[in-house]
Amino acid sequence: MDDSTLAQQQQKLKYYQKGTFTVGNRLVSDAERSVQASAERSNALTSGHRACQGCGEALGARYAIDAAMRATGNDLIAVNATGCLEVFTTPYPETSWQLPWLHSLFGNAAAVATGVAAAQRVKGKATRVIAQGGDGGTTDIGFQCLSGMFERNDDVLYICYDNEGYMNTGVQRSSATPPAARTATTPALGPEPGNVFGTGKFVPKIAVAHGIPYVATATVADLRDLEAKVIKAMGIRGARYIQINVPCPLGWGAPSYDTIKLARLAVECGLYPIFEAEHGRITQSRKIRRRIPVRDYLILQKRYAHLFRNGVDDPRVARLQAICDAHIEDYGLLGDDEA
Amino acid sequence: MDHDFAITLDVGTSLANHTGAWRTFRPEYVHRLPPCNAACPAGEDIQGWLSFAEAGDYEAAWRALTKNNPLPAVMGRVCYHPCETACNRAQIDAAVGVNAVERFLGDMAIAKGWAFEPPAQKSGKKVLVVGAGPAGLSAAYHLAVLGHDVNIREAGPAPGGMMRFGIPKYRLPRDVLDAEVARIAALGVRIDYNSKVSDLQATIKEGGFDAAFLAVGAHIAKRAYIPAGEATKILDAVQVLASMEGAEQPLLGRRVVVYGGGNTALDVARTAKRLGAEEAIIVYRRTREKMPAHDFELEEALEEGVMMKWLSTIKHVDAGAITVEKMKLDETGFPQPTGEFETLEADSVVLALGQDVDLSLLDGVPGLEFADGLVKVGPDMMTGATGIFAGGDMAPSERTVTVAVGHGKKAARHIDAFLRGAAYAPPPKHELAGFEHLNAWYYGEAPQTLRPTLEIARRSSTFEEVVQGLDESNALYEARRCLSCGNCFECDNCYGVCPDNAVIKLGAGQGFRFNYDFCKGCGVCEAECPCGAIAMAPEEI
């Protein structure tokens with residue numbers, strides 16, 4: 001074995017054993033490390049913001065925008081919908097954003113971003129545009145503008161930080177709130193406590209149905225996957241959509257330190273499928289590494305506490321498990337080892 | 001600045017908002033004690049030297065290792081590696097092969113001729129070490145590094161003690177032992193062979209020694225009374241194994257019976273096979289579960305064709321045959337005779353029933369205390385006589401090479417303090433980094449690299465080394481399986497997962513610092529730290 005092959009093998013081994021899942025790795029070259037491992041990352045969403053302790057959205061936004069800034073050489077403008085992300089980063093006169101950033105209304109982020117992108121084109125500038133918002137501003141209030149942006153194939157990457165409810169205004173249900181979850185508007189009362197089954201929408205699939213160049217889901221529990229998707233999206237022109245699962249300690253009723261753990265369990269039980277699609281077709285899915293029953297994910301959150309009263313599992317736990325099982329089958333979430 | 005309508009404040013950065021004031025718990029970087037280090041009888045910083053090996057800096061790894069143990073190539077062959085038994089990785093896939101990596105580093109040091117750094121200055125004090133076994137060599141090394149003048153007096157013709165005269169060559173080749181001893185001697189340690197100390201006080205006085213460390217080992221075989229007929233051949237294990245070092249190999253015959261259940265019994269039986277015995281049978285009065293020998297050594301012996309006679313005691317030895325009585329265990333697990341007898345053919349019987357210490361050199365030394373044929377020592381390894389320390393097999397403890405090396409180091413530190421008129425206080429130990437402190441999600445699957453063993457046909461007829469070493473690629477692989485329990489390995493997880501950007505990365509090798517101006521105390525960093533190097537402490541409010 002010559003020196004260079006040995007060196008390659010050494011790097012691969014290290015990656016395999018300690019580095020694959022961590023943010024960085026002291027033994028691999030800078031180019032192989034994540035954006036977040038770099039001391040020079042842009043910290044697009046910097047300290048001093050007013051998000052709650054352990055906020056998954058603050059984390060997901062920094063992950064995504066830092067990666068996009070690196071991919072575009074910092075030549076980037078962000079347009080923000082109303083929501084937690086807008087409120088906690090920009091209480092007047094402070095801002096946490098380290099890039100040009102603008103906010104208009106709750107429902108029009110996609111349309112405003114379309115306009116900003118058009119303006120760059122008219123001015124002959126190469127500046128790229130990202131629109132971002134929470135699930136309320138995306139799947140409910142901003143949905144018409146979003147669908148229009150997709151349909152026109154405007155050159156915008158839209159990122160939805162999905163925390164499964166209107167958390168900023170006091171944890172009300174959105175169309176992305178999962179079945180059985182308790183919110184202020186779906187209280188844990190009556191014969192069917194919590195959110196109902198069979199409603200809501202999974203916007204990534206609707207985005208795929210628009211046939212746009214790129215759609216992906218991601219999670220704050222898999223940084224490398226998230227960064228790779230954002231960087232890939234910035235290498236594509238036209239309408240792109242990424243939806244990132246971002247746990248909300250306040251709205252989900254979980255300890256602040258469990259944010260990443262919950263995101264990880266949501267993926268490992270199959271409830272939150274992580275996949276990529278291009279031009280209307282799903283191209284690949286992220287495999288489950290250590291499959292768990294959905295119960296292990298639900299029981300850590302107070303929004304599902306009513307499913308586990310008196311030491312007995314509510315029958316709806318099995319219905320949620322059936323949803324996970326269907327996801328696993330539909331998106332091919334099991335690897336060769338697990339299948 | 002002119003403001004727009006209804007605006008009164010200048011725009012500014014959120015860095016003006018010190019969110020650290022929200023905190024009720026503060027994260028702190030900590031060091032916890034890795035289970036391997038906690039289990040090592042020689043007090044090695046295993047996680048520490050593995051971290052150098054992981055980076056491919058083998059010399060730094062070897063230097064870190066030899067700060068605590070000067071015999072890594074020997075250790076990598078004969079240590080029973082309690083570190084691997086304790087290793088947290090066993091709960092993920094299999095323990096890290098610490099012993100194999102240690103041997104790799106030890107062998108590389110010999111091949112590359114790495115030498116110990118001599119002390120910066122001499123203390124001018126003289127220390128006598130009695131016995132050149134593992135305890136004596138370890139003490140001599142540490143004392144020499146601390147600047148003391150050391151003279152080892154060894155009764156035998158060559159160094160190593162039981163490492164030479166007790167451990168067979170197929171487990172420890174002598175050139176390896178010689179190379180590691182030579183490196184200690186190169187520090188200026190004088191070793192006198194064939195110079196048995198028979199009167200300790202006289203020797204100390206004549207040599208002008210300021211302190212003494214005794215480590216004469218346990219070389220006298222324990223005997224059991226067994227009625228024997230004429231023309232029978234009864235030997236003891238110490239004698240058989242020691243004579244393997246001489247010009248004439250012991251004559252054991254075609255059928256050899258070994259009596260005892262320890263590692264020495266296995267060593268003798270395996271040696272007998274190699275000397276040409278057709279049958280080597282170990283007679284032991286209890287069961288496999290109760291056997292004090294290590295299971296992997298038993299496995300190796302069984303693979304080589306050594307046979308076991310469990311639950312049996314030898315009642316009578318005659319020419320060409322022995323009579324054994326079958327035993328059964330009572331409720332307390334103690335063997336009781338059954339009255340059933342059996343005859344086994346045997347050309348010789350080797351007793352491997354344990355060893356006693358020759359304490360005659362201590363005659364007339366005032367203040368010493370003895371118990372069960374051993375010298376009593378305090379927590380500082382000092383005997384009842386001021387300035388006289390003891391360790392290894394002659395002091396009460398488990399009798400392994402690694403324990404002896406640990407005794408030598410500990411005694412050297414206390415002797416050094418004693419010579420300076422001070423007391424050595426070991427630094428306080430960190431909290432144990434148990435598995436519950438780890439976040440195992442972040443470690444990829446990577447099964448242990450097993451060292452190849454000599455094919456059975458070859459090893460039962462030769463004294464070639466049974467267990468072979470790792471090469472560089474698989475040693476590195478093995479080192480990188482280390483989880484780094486309780487000590488930061490700079491994976492950047494804390495730096496990455498902080499939602500408040502409140503972790504400051506200090507650069508390669510420097511680790512991280514918390515920015516408490518902005519840390520809200522959410523605890524995500526602590527939860528996602530793979531190795532348990534962060535702890536949350538309540539803030540005083």
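No hydrogens, no waters, no symmetry mates; every other heavy atom, side chains included, goes into these values. Order of the sequence lines sets the chain letters (A, B, ...), proteins ahead of strands, with each chain counted from 1. Remember, predicted model here, so these are calculated numbers, not experimental data.
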Exercise for review: Measure from NZ or CZ of A:R41 to the centre of the six-membered ring of A:Y63 and say whether it is under 6.0 Å with the direction within 45° of the ring axis.
Suggested key: no

Check your understanding: Is it true that B:F52 and B:Y58 have ring centroids separated by less than 6.0 Å?
Key -> no

Point to revise | Greatest number of heavy atom pairs closer than 4.5 Å to chain A - which of B:G20, B:G507, B:C494, B:C498 | key: B:C498

Practice item. Output the option from B:N17, B:T19, B:L15 having the highest count of non-hydrogen pairs under 4.5 Å with chain A. Key: B:N17

Review point. Checking A:L223 against chain B: side chain, backbone, both or neither under 4.5 Å from a heavy atom?
Key: neither

Practice item. Dump the intermediate steps for side-chain contact (heavy atoms from CB on, under 4.5 Å) on A:Y257 and B:C525, then the final yes or no. Key: CA-CA 8 Å; A:Y257 50 77; B:C525 54; over 6 Å; no

Check your understanding: Quick one: of A:E57, A:H49, A:K261, who has the most non-hydrogen atom pairs under 4.5 Å with chain B?
Key -> A:H49

Study note, to complete from the structure: Whatever's closer than 4.5 Å to a heavy atom in chain B on A:T90 counts as neither

Practice item. Answer with side chain, backbone, both or neither: which region of B:N439 has an atom nearer than 4.5 Å to a non-hydrogen atom of chain A? Key: side chain

Exercise for review: Can you label the angle between the A:W97 ring and the A:W101 ring as parallel, tilted or perpendicular, going by 30° and 60°?
Suggested key: parallel

Practice item. Hey, can you tell me if B:F518 and B:H18 have their rings parallel, tilted or perpendicular (30° and 60° cut-offs)? Key: perpendicular

Review point. Hey, does the Lys NZ or Arg CZ of A:R26 hover above the aromatic six-ring of B:F489, less than 6.0 Å from the centre and inside 45° of the axis?
Key: no

Exercise for review: Describe, in one word, how the ring planes of B:W114 and B:W62 are oriented to each other, choosing from parallel (under 30°), tilted (30 to 60°) and perpendicular (over 60°).
Suggested key: tilted

**Study point:** Selection from A:G54, A:S47, A:C52 maximising heavy-atom pairs under 4.5 Å formed with chain B
**Key:** A:S47

Practice item. Counting only heavy atoms closer than 4.5 Å, note whether A:R50 contacts chain B via side chain, backbone, both or neither. Key: both

Point to revise | Among A:C55, A:A51, A:A58, residue most engaged with chain B (heavy-atom pairs, under 4.5 Å) | key: A:A51

Practice item. Report the option among B:A508, B:A16, B:G496 that has the most heavy-atom pairs separated by less than 4.5 Å from atoms of chain A. Key: B:G496

